[in-house]
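Note sheet for the following structure.
A note on names: the letters A, B, ... follow the listed sequences, proteins ahead of strands, and every chain is numbered from 1.
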Amino acid sequence: MKRTHTCGILTENSIDETVRLTGWVNSRRDLGGVIFIDIRDREGVTQLVINPENNAELDDACRPIREEWVISATGVVRPRPQDMINHNIKTGAIEVAVTELHVDNSCKPMPYHFNDSQVSEDLRLKYRYLEMRRTNLGHHLRLRHKISKVLRDYFDRQGFIEVETPILSKSTPEGARDYLVPSRVFPGKFFALPQAPQQYKQILMVGGVERYFQIARCFRDEDLRADRQPEFTQVDIEMSFVEQDDLFEIVEGLFVDVMRAVKDIEISTPFPRLTYKEAMSRFGSDKPDTRFEMHLCDLSGVLNGSEFKVFENALSAGGVVMAINARGTAEIASRKKLDAWTDTVKLMDAHGLVWVKIDEHNEIKSPAKKFLSESELNAIISAVNAQTGDVILIVADQFSVATQALGRLRLEIAHSQNLIPENQYNFLWVHDFPLFDHDSENDSYIPIHHPFTSPREDDIELLSTDPGSARAQAYDVVLNGVEVGGGSIRIHDAALQKRIFDLLNISDADAGALFGHLLEALSFGAPPHGGLALGFDRLVMLLTGASSIRDVIAFPKTTRSSCLLTDSPSCVDAAQLDELKIDIRPGTEM
RNA sequence: GGGGUUGUAGCGCAAUUGGUUAGAGCACCACACUGUCACUGUGGAGGUUGCGGGUUCGAGUCCCGUCAACCCCGCCA
């Protein structure tokens, strides 16, 4: 017989009804003459009461029951005595007096306890099904589903169609390391799993699809982080006949719907827009967290001509002197703490950290004090608007090093000082990314985004004069300091595309072999188009408040890309390798 | 590839700066208990201290190596 109710729904409205519940034993309290069992399903928990004395069959049935056994119970809903009401659960006012109990399945002793919040992650990965049965992961998966439904509904309303693109795809040397799949039919040849459906979605535009989206699985064989998995999900979007602003509008509308559905929050649009340069200068990051201030301040101007070697050297080498004001940290800025902050900026390749502390007696303390004139010190203090109790933290270095080091320090201090408000969702766009990064080792250019990214029209002439300063029609969408998506307007003109390939030192022959299919497609009347991909897992992570991407993925991998649940990757049968004509080098197996 | 943290019972932890037989709690097993909700009480069982080597009269503790999980840098068009 099926259940009549779930375990989270019964209230005083159902008193005297005969019900049947099924679920797992959350806990069991055997008081001898009376036994309480909390039965749990995904909707909640209900207390069962068993008085076995006048029912030997019931007595036998419930005696061996332990945690996480699966049971079905039939009984009558009755109110609990007034002083026995449990206000911690929705069903706390009632209980079910059991008349019939059936054990559907037993359960081995649990490897860890469900109310243990400190369980090691190894176990949570190995016993993933138990982790889902606990509340958190299960809730995260339900929220994840809800968000994907909101996405699909939104895109459908906006005239997008979802198209699946191949998983067995073509390897290209650009970008991340590919996961390879050997071809049996073509021995020695390989498919690659897609890092993103990039080329397919552009080809869909040439195919006249006009508005495409896909909740797409992507694969990158790179080292992992708390917010990176080797296989992850992108919300992939591409549109024809649009410009950057049109895409921004579509994505902003999407987030309005998502935030309304998931958080019941009305976010305002349009999102703030920062150029890449502004983001780096003010926040030391291309994904600024604007939930707190502590902006970076450029002291290069006021310190121009300083005789302090640290500043002088940086400035004369074309660098900058940047600072942040760690407000109110003078008291905690011990020698040890300042050393730790110095380590942080050194980690980001800065040479060191100069600090200026204004202590509670308004006395200025700094290892650089004797090298700086009074007017320089005052200029620094007024530039960052420092007051009693503040600590000014200064890095003198090349622009990218100084800004990134301070950007990182800014986040570290904000976290440790609890400067970041909860339940605030700051979306913003970062745009005008550089088109290329210059690789000084090989004196060559590398695309910041990908080689199909269109330059800004007003920067096209820079391609021949100064490609390094050309800006791209590329943009990221950032939520609370996390890059949740990025994209670009693509090149739809074969001649411009060839010019870019030339700059990237990709020969016609190579371009043909690697991207010939795309180039040919572009030459058959490709519409202007552009798009963006959202990191779906990261988005769900932010909206659930999870601290790792693993907590919103049903079956995630470890930081070494292994799966503790299935124990993969694993060795394969010699016959399988033989079919693929693959030999494993001796001594390689572990 | 590099840096760091952790590894003791099924779980989360303790073990006097190298010293007797590695402990208590939860879980497990048994018994008792009619209003609990992390039930309680009594008793029991449970250990290759991740693995391998070394120093020492003696190693959970010190040293070297290794494995695993996690965090960060590089990497992630």
Side-chain angles (χ1 to χ4, degrees), chain A residues 26-40 45-54 63-64 66-68 80-89 91-92 95 97 107-127 130 172-178 195-196 198-199 218-230 232 343-344 346-349 404-405 408 411-412 433 435-437 445-453 472 474 483 486-488 500 504 506 514-515 533 535 547-548 550 557-562 564 567 590:
Chain A
N26 203 48
S27 75
R28 168 183 188 276
R29 297 175 293 280
D30 181 352
L31 276 61
V34 60
I35 298 173
F36 297 99
I37 290 176
D38 289 344
I39 185 171
R40 183 197 71 242
V45 175
T46 301
Q47 175 166 281
L48 305 176
V49 195
I50 295 140
N51 288 88
E53 58 184 359
N54 42 19
R63 206 46 70 181
R66 292 292 182 274
E67 284 179 14
E68 297 308 311
R80 295 197 196 184
Q82 197 58 36
D83 51 342
M84 297 299 162
I85 289 175
N86 185 342
H87 296 284
N88 296 322
I89 56 174
T91 61
E95 60 193 7
C107 177
K108 291 205 294 187
M110 296 288 281
Y112 59 88
H113 213 252
F114 271 10
N115 56 25
D116 185 347
S117 57
Q118 308 290 327
V119 193
S120 73
E121 193 157 8
D122 314 26
L123 282 170
R124 297 174 47 218
L125 289 171
K126 179 171 180 186
Y127 298 100
L130 299 180
T172 61
E174 302 283 328
R177 192 177 292 114
D178 283 323
Q195 298 171 25
Q198 181 59 37
Q199 296 178 42
C218 305
F219 306 85
R220 294 179 189 175
D221 186 6
E222 296 290 349
D223 290 340
L224 307 184
R225 290 284 190 283
D227 62 352
R228 278 179 4 207
Q229 280 277 299
F232 61 100
D343 287 345
T344 296
K346 282 185 172 170
L347 186 70
M348 303 304 287
D349 288 333
Q404 285 179 60
R408 168 90 177 216
L411 288 175
E412 184 179 318
F433 276 85
L435 188 58
F436 303 117
D437 203 9
Y445 291 102
I446 302 162
I448 295 266
H449 188 51
H450 57 54
F452 317 113
T453 304
E483 179 198 325
S488 63
I500 299 290
L504 298 173
I506 298 174
L514 296 171
F515 312 115
S547 54
S548 164
R550 294 184 294 273
K557 303 220 167 12
T558 69
T559 49
R560 293 188 72 219
S561 297
S562 68
L564 298 181
D567 200 22
M590 286 186 59

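Backbone-only engagement by A/S562 is indicated by non-hydrogen atom pairs under 4.0 Å involving sugar-phosphate atoms exclusively. Within 4.0 Å of A/I448, counting heavy atoms only, lie sugar-phosphate atoms of the nucleic acid but no base atom. If you check every strand for non-hydrogen atoms under 4.0 Å, A/S120 touches sugar and phosphate atoms only. A/Q195 comes within 4.0 angstrom of nothing in the nucleic acid, heavy atoms only. As judged by a 4.0 angstrom heavy-atom cut-off over every strand, A/R124 is placed among residues making no nucleic acid contact.
Pairing for B/rU21 is absent, with no Watson-Crick or G-U wobble pair whose two atom distances lie under 3.5 Å. Within the shown strands, B/rC64 is the pairing partner of B/rG52 under the Watson-Crick or G-U definition, both distances less than 3.5 Å. B/rC31 is paired with B/rG41 under the Watson-Crick or G-U wobble criterion, all donor-acceptor distances under 3.5 Å. Remark: B/rC75 base-pairs with no nucleotide in the shown strands. Criterion, Watson-Crick or G-U wobble with two distances under 3.5 Å. Across every strand in view, B/rA69 sits in a pair with B/rU5 that passes the Watson-Crick or G-U test at under 3.5 angstrom.
Per the geometry, NE2 belonging to A/H113 stands 13 Å off P belonging to B/rG12, to the nearest Å. As a whole-Å value, the separation of A/E412 CD from B/rC72 P is 13 Å. Rounded to whole angstrom, the span from the CD atom of A/E121 across to the C1' atom of B/rC70 amounts to 7 Å. The interatomic distance linking A/K108 (NZ) with B/rC28 (P) rounds to 14 Å, in whole Å. Distance, A/Q118 CD to B/rC26 P: 18 Å, rounded to whole Å. The distance from atom CG of A/D437 to atom P of B/rC76 is 10 Å, rounded to the nearest whole Å. Separating the CG atom of A/D227 from the C1' atom of B/rC72 is a distance of 11 Å, rounded to the nearest angstrom. Between the P atom of B/rC71 and the CG atom of A/D122 lies a distance of 11 Å, rounded to the nearest Å.
A/Q199 meets the side chain to side chain donor-acceptor pair (under 3.5 Å) test with A/H517; sequence neighbours excluded. Residues that satisfy the side chain to side chain contact (heavy atoms under 4.5 Å, CB included) test with A/R228, not counting sequence neighbours, are A/R225, A/R538. With sequence neighbours excluded, the residues forming a side chain to side chain donor-acceptor pair (under 3.5 Å) with A/S27 are A/R29, A/D38, listed by chain and number. With sequence neighbours excluded, the residues forming a side chain to side chain donor-acceptor pair (under 3.5 Å) with A/R124 are A/E131, A/D551, listed by chain and number. With sequence neighbours excluded, no residue satisfies salt bridge (charged side-chain N to carboxylate O under 4.0 Å, His left out) with A/R80. With sequence neighbours left out, A/L347 forms a side chain to side chain contact (heavy atoms under 4.5 Å, CB included) with A/R408. Applying the side chain to side chain contact (heavy atoms under 4.5 Å, CB included) rule to A/S488 yields the partners A/H449, A/H450, A/T453, A/A474, A/R490; only residues at least two apart in sequence or on another chain are considered. The side chain to side chain contact (heavy atoms under 4.5 Å, CB included) test applied to A/N51 returns A/V34, A/V49, A/R78, not counting sequence neighbours. A/N115 is linked by a side chain to side chain donor-acceptor pair (under 3.5 Å) to A/H113, counting only residues two or more places apart in sequence or in another chain.
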Base versus backbone protein contacts along nucleotides 29-42 of chain B [heavy-atom cut-off under 4.0 Å; B, S, -]: SS--BBBBB-B---
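Side-chain contact between A/R28 and A/E67 is absent, with no heavy atoms from C-beta onward closer than 4.5 Å.
With both ends at atom C1', the span from B/rC26 to B/rC39 equals 14 Å, rounded to whole Å. Comparing the P positions of B/rC29 and B/rG23 gives an interatomic distance of 24 Å, to the nearest angstrom. When the C1' atom is used for both B/rA38 and B/rG12, the distance is 15 Å, rounded to whole Å. For the C1' atom pair drawn from B/rU5 and B/rG50, the interatomic distance equals 16 Å after rounding to whole Å. The separation of B/rG58 from B/rG47, taken at their P atoms, amounts to 26 Å, rounded to a whole angstrom. For the P atoms, the distance from B/rA9 to B/rG46 is 15 Å, rounded to whole Å. Comparing the P positions of B/rU21 and B/rU66 gives a spacing of 33 Å, expressed to the nearest Å. Comparing B/rG60 with B/rA22, their P atoms are spaced 10 Å from each other, to the whole Å.
Judged purely by atom type and a 3.5 angstrom limit, A/R220 has no side-chain atom pairing as donor or acceptor with the backbone of A/P230. Checking side-chain atoms of A/E68 against main-chain N and O of A/N26 turns up no donor-acceptor pair under 3.5 Å.
In this structure, the ring of A/F452 has its center less than 6.0 angstrom from the ring center of A/F515.
Put simply, A/T558 has no side-chain N or O that comes within less than 4.0 Å of OP1 or OP2 on B/rA68. For the OP1/OP2 pair of B/rC70 and a distance below 4.0 Å, the side-chain nitrogens and oxygens of A/R228 include no atom meeting the criterion.
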Which protein N or O atoms sit under 3.5 Å from an N or O of nucleotides 43-51 of chain B?
none

Kindly give the atom pairs (protein nitrogen or oxygen, nucleotide nitrogen or oxygen) under 3.5 Å for nucleotides 1-10 of chain B.
from: B/rG10; atom 1: O2'; to: A/P111; atom 2: O; distance (Å): 2.8

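Nearest nucleotide to the A/A176 side chain, out of B/rA69, B/rC71, B/rC76: B/rC76. With B/rC72, B/rC70, B/rA69 as the candidates, the nucleotide lying closest to the side chain of A/R550 is B/rC70. Here the nucleotide nearest the side chain of A/R560, chosen from B/rA69, B/rC70, B/rG12, is B/rA69.
Open room surrounds CG on A/D567; 12 or fewer heavy atoms of other groups in view lie less than 6.0 Å from it.
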